[in-house]
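Read through the structure below, which is laid out as structure tokens, and then see the notes.
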Amino acid sequence: MDTLKQGKSPIYEPGLEELLIKNSSAGRLAFTTSHQQGLSQADIIIIAVGTPQSDHGQADLSYLEQAAKDLAEHIVRDCVVVVKSTVPVGTNQYVKQLLLEQLKNNVEIKMVSNPEFLRQGTAIEDTLKADRIIIGSDDESASEKIQEMYRPLNVPFLLTDVKSAEMIKYASNAFLATKISFINAIANLCEAAGADVRDVAKGMGFDKRIGAAFLNAGIGYGGSCFPKDVKALLHTSRELGVPFSLLEETIAINDHQQELLVGKALKRFSALKDKKIAMLGLSFKPETDDIREAPSVKIARSLTAAGAKVAAYDPVAACNARKVIGDVIAYVDSAVEAAKGADALFIVTEWEEFSQLELGAVLNVMNQRIIFDGRNCLDETALKACGPVEYYPVGRPEVILRDKRA
Ligand code: UGA
């Protein structure tokens, strides 16, 4: 709380601190832990608590239930309650019921489902220049109030009912996750056939019906959204008795993809015991320090379980990674330091600085010049100019340049 008041963001998100400072000093933004203070003047209340995954894949609604309980106790005037959290179809109705059962004051509450579509790392741009704003409500005046709030952004609205709005969020995330699993399955075919998945994706992406976005093959999707939301939608489909085996396949392909680099290294070395591995990237994607469901976690665990010694470098996520992976791997301060004496380099997150690496400097400090690029982010021409190297990308032919003197 104090951190936020000082204009400091508890997470790494480009541009966020500038906005915190600008809006706090202009008196447009304030923080409090007091429900009374926060709610007494509110016309619109936005619930944006987490809905993490629980044991059987379904969304854990406990934070939402607590929020409803707190609201019911402290709401003192008529208001619109907006659920921004990602919640299974039917949840807004459940929240309204919880509120009505527990309300302490005689006030009128209207509900709006308004799912969030921003991505970590580009959160500000995604918010201010969103593709769409979904407003799901069964009450026209509540819907109008939320449209009024968003109107300055000049983003297209889709007005719909509450359940459809809830479903749009899961359908969007599950579709994007499936698009990634699809291109990863194609990547594996490309590898076997000798084709290049980057060109295949480019060729597909020109077709406006397919679109070029989210066709980057790699080591699978991670983060706090796709993995849990695909599972939660699958859970909903089972609950409703409507089979959705496509989602099972999306998950299975993703699980397999996250083990891809380790599988390739095992094939190359036969055994990984005492091999030194440099790992570049820990966060689940660039421009964030979030390592929830990051492929790096699985990869680090598989490597150390196989007896390898891992030194990892990430521009911002090492601290969070240490909390989850622990000290079974080393955390270092640069790519070159990670590469010192390494038998192989794993690229796990496509941070911009990795594609700009001075490859010669990295390769020269390695024990063996072998690279497994899980994000296809190195420039092949620059790599080939560095002399002997073995380069294993995803969904593309490998490059093996042997030392001519050997
Ligand atoms: C995702 C959605 O893109 C947002 O629209 C949504 O609001 C958010 O979830 C959420 O539900 O809160 P996010 O998880 O922040 O956003 O990040 P993405 O950029 O979607 O990436 C997710 C994962 O997919 C990352 O691990 C990324 O490396 C992977 N990915 C993405 C690929 O492997 N290939 C691609 O082509 C794109």
Side-chain angles (χ1 to χ4, degrees), residues 11-14 16 48-53 59 83-88 114-127 129-134 155 165-188 197-198 200-202 204-205 210-233 250-251 253-258 260-261 281-299 314 317 347-352 354 373-377 393-395:
I11 55 160
Y12 177 82
E13 180 64 45
L16 187 58
V49 295
T51 49
Q53 189 182 310
V83 176
K84 204 161 232 326
S85 309
T86 300
V87 292
N114 169 227
E116 180 53 62
F117 298 100
L118 66 78
R119 289 163 297 173
Q120 287 175 241
T122 48
I124 292 164
E125 169 106 1
D126 287 351
T127 304
K129 296 185 187 153
D131 291 333
R132 78 305 207 183
I133 290 172
I134 305 293
V155 166
E166 292 169 327
M167 191 58 97
I168 287 168
K169 171 67 190 186
Y170 280 98
S172 302
N173 273 6
F175 185 83
L176 291 169
T178 302
K179 203 174 176 190
I180 296 169
S181 280
F182 184 88
I183 200 64
N184 281 333
I186 294 286
N188 297 339
V197 73
R198 290 173 312 171
V200 173
K202 207 186 229 174
M204 289 166 65
I210 297 173
F214 280 63
L215 283 180
N216 291 327
I219 45 173
Y221 59 78
S224 64
C225 305
F226 286 174
K228 87 167 165 67
D229 292 347
V230 177
K231 285 181 191 143
L233 187 58
T250 295
I251 297 167
I253 293 171
N254 200 56
D255 288 346
H256 168 261
Q257 211 66 16
Q258 296 200 342
L260 203 71
L261 291 197
L282 289 161
S283 57
F284 82 95
K285 60 181 277 191
E287 300 300 334
T288 175
D289 59 358
D290 196 340
I291 59 123
R292 284 176 289 176
E293 301 283 332
S296 66
V297 176
K298 252 194 191 174
I299 292 171
D314 186 286
I347 301 182
V348 176
T349 316
E350 68 279 31
W351 281 95
E352 181 75 20
F354 299 155
D373 183 355
R375 300 291 187 175
N376 285 338
C377 63
V394 176

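Just follow the structure's listing: the first ligand is 1, and inside any ligand the first atom is 1.
Close contacts between ligand 1 and Glu116 involve ligand atoms 7 (O) [criterion: under 4.0 Å to a heavy atom]. If you number the atoms of ligand 1 from 1 as listed, the ones under 4.0 Å from a heavy atom of Leu215 come out as 36 (O). Near Arg375, the atoms of ligand 1 lying under 4.0 angstrom from a non-hydrogen atom of the residue are 28 (O), 33 (O). Residue Arg119 has at least one heavy-atom neighbour below 4.0 Å for each of these atoms of ligand 1: 2 (C), 3 (O), 4 (C), 15 (O), 16 (O), 19 (O). Atoms of ligand 1 found under 4.0 Å from any heavy atom of Gly222 (numbered from 1 in listed order, with element): 22 (C), 23 (C), 25 (C), 26 (O).
The closest approach between Gly218 and ligand 1 stays at or above 4.0 Å for every heavy atom of the residue. The shell of residues lying under 4.0 angstrom from ligand 1, judged by heavy atoms, includes Cys225. Using 4.0 Å as the threshold, Glu293 has no heavy atom nearer than that to any atom of ligand 1.
At least one donor-acceptor pair closer than 3.5 Å links the side chain of Gln258 to the backbone N or O of Tyr221. Between the Lys179 side chain and the Ala213 main chain, a donor and an acceptor come within less than 3.5 Å of each other. Looking at Lys285, its side chain never comes within 3.5 Å of a backbone N or O of Gly223 through a donor-acceptor pair. Here the side chain of Asn114 pairs a donor or acceptor atom with the backbone of Ile134 at under 3.5 angstrom. At distances below 3.5 Å, at least one donor-acceptor pair connects side-chain atoms of Ser85 with backbone N or O atoms of Val49. With Glu13 contributing its side chain and Thr288 its backbone, the two residues share no donor-acceptor pair below 3.5 Å. With Gln257 contributing its side chain and Gly218 its backbone, the two residues share a donor-acceptor pair below 3.5 Å.
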Run the numbers on Thr86 and Cys225 for side chain to side chain contact (heavy atoms under 4.5 Å, CB included), then give the verdict.
CA-CA 9 Å; Thr86 300; Cys225 305; over 6 Å; no

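Distance from atom 36 (O) of ligand 1 to its nearest protein heavy atom, with residue and atom name: Asn216 N, 2.9 Å. The protein heavy-atom contact nearest to atom 37 (C) of ligand 1 is Phe214 CD2, 3.5 Å. Considering only non-hydrogen protein atoms, atom 30 (N) of ligand 1 sits nearest to Ile180 CD1, 3.4 Å. The nearest heavy-atom contact from the protein to atom 15 (O) of ligand 1 is Gln120 N, 2.8 Å. Summary of contacts: the protein heavy atom closest to atom 8 (C) of ligand 1 is Leu118 O, 3.4 Å. Lys285 NZ, 2.8 Å is the protein heavy atom nearest to atom 19 (O) of ligand 1.
The residue from Phe226, Phe284, Phe117 that puts a heavy atom closest to atom 14 (O) of ligand 1 is Phe284.
More than 12 heavy atoms of other residues, nucleotides or ligands sit less than 6.0 Å from atom CZ of Phe117.
Close N/O approach between Lys169 and ligand 1 is found [any backbone or side-chain N/O within under 3.5 Å].
Under the 3.5 Å distance criterion, with hydrogens and angles disregarded, no donor-acceptor pair is assigned to the side chains of Asn376 and Glu350.
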